[in-house]
Amino acid sequence: MGTPHIAAEAKDFAPAVLMPGDPKRAERMAGAILAQARLVTDVRGILGFTGVYAGEGEHQGKPLSIMASGMGMPSIGIYATELFRFFGVERIVRVGTAGGISPKVDVGDAIIGVGAHTTSSMNELRIPGTHFSAVADLAMAAAALAAAGGGRGKTHAGAIISSDHFYFKIPGQLEAMAAHGVLGVEMEAACLYGVAAEHGKGALAVLTVSDHLTKQGADMTAEERETVFQGALSLAVAAAFA
Ligand code: HPA
């Protein structure tokens, strides 16, 4: 079968999919946490793998897929729609990075994106005359939060903003976001949550704070980055099997 952007059979995906932005990260994650991993799609270099979870604990041996989303809301919207609509996927957990906005957040912390504000019009088009609220699946967010505590940094649960621009900054927007308690900025979650709502499926974004936009902080070493990423990954796995 296959779809315009995924060259696989419906049975090639597990009900739960972890979704980093970067295809190489998807490949590294598959090598690290899957057993019997096989490549199921590679259209446009967007790699997708399916195997069984190889980590310790109650979820060991359960089927799990890992597929990249690319960057930005149109990209994740295409893959999430095809996975939910044609491949029997029930839950997608975005595992990515965010720029810190709230002063409560530090580089290396994890953010569970309970809701996602956005500068994008993608959800605005869904229900005419309505400002759509892009919210995560509550059971998945609760499972991620319950798995927190093992990592090096703090874990925050709250609102994030999904931005269309990485470089362009609207004057004053960052300060206003910080004043409204927004934890961090990334570029995919709001669309993912909208697509999940459209299909009656579950979605969550679990983010590692890779840099901070409103306060100075020490940059992480490559080793620290990998350690904190592992922490966020364990929350994402808990959410995937919620
Ligand atoms: N903006 C958008 N996405 C990001 C950022 C940022 O500053 N940092 C990590 N992901």
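All of these numbers come straight from a predicted model, not from anything done at the bench. Note that these values count all heavy atoms, side chains included, but never hydrogens, waters or copies made by symmetry. Just so you know, ligand 1 is whichever comes first in the structure, and atom 1 is the first atom listed for that ligand.
- Both cation-pi conditions hold for R25 and F229: the charged atom is under 6.0 angstrom from the six-membered ring centre and inside a 45 degree cone around its axis.
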Can you list, pair by pair, the side-chain donor-acceptor contacts under 3.5 Å of residues 165-183, counting residues two or more places apart and other chains?
from : atom 1 : to   : atom 2 : distance (Å)
K169 : NZ     : F166 : O      : 2.8
H180 : ND1    : A176 : O      : 2.8

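- Pairs of residues two or more places apart, or lying in two chains, that qualify as salt bridge (charged side-chain N to carboxylate O under 4.0 Å, His left out) and include a residue from residues 178-207 are R85-E198, E90-K201, R94-E186, R94-E188, R126-E198.
- I66 has its side chain out of reach of V17: every pair of non-hydrogen atoms, C-beta onward, lies at least 4.5 Å apart.
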Tell me which donor-acceptor pairs under 3.5 Å the side chains of residues 109-120 have, and how far apart each pair is, sequence neighbours excluded?
from : atom 1 : to   : atom 2 : distance (Å)
D109 : OD1    : K154 : N      : 3.1
D109 : OD2    : D106 : N      : 3.0
D109 : OD2    : K154 : NZ     : 3.2
D109 : OD2    : H156 : NE2    : 2.8
T118 : OG1    : S120 : N      : 2.9
T118 : OG1    : S162 : O      : 2.8
T119 : OG1    : D164 : N      : 3.0
S120 : OG     : M122 : N      : 2.9

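- Within 4.0 Å of ligand 1, protein heavy atoms belong to T97, A98, G99, F166, V185, E186, M187, S210, D211, L213, listed by chain and number.
- The main-chain N or O of P103 is found under 3.5 Å from a side-chain atom of K215 such that the two form a donor-acceptor pair.
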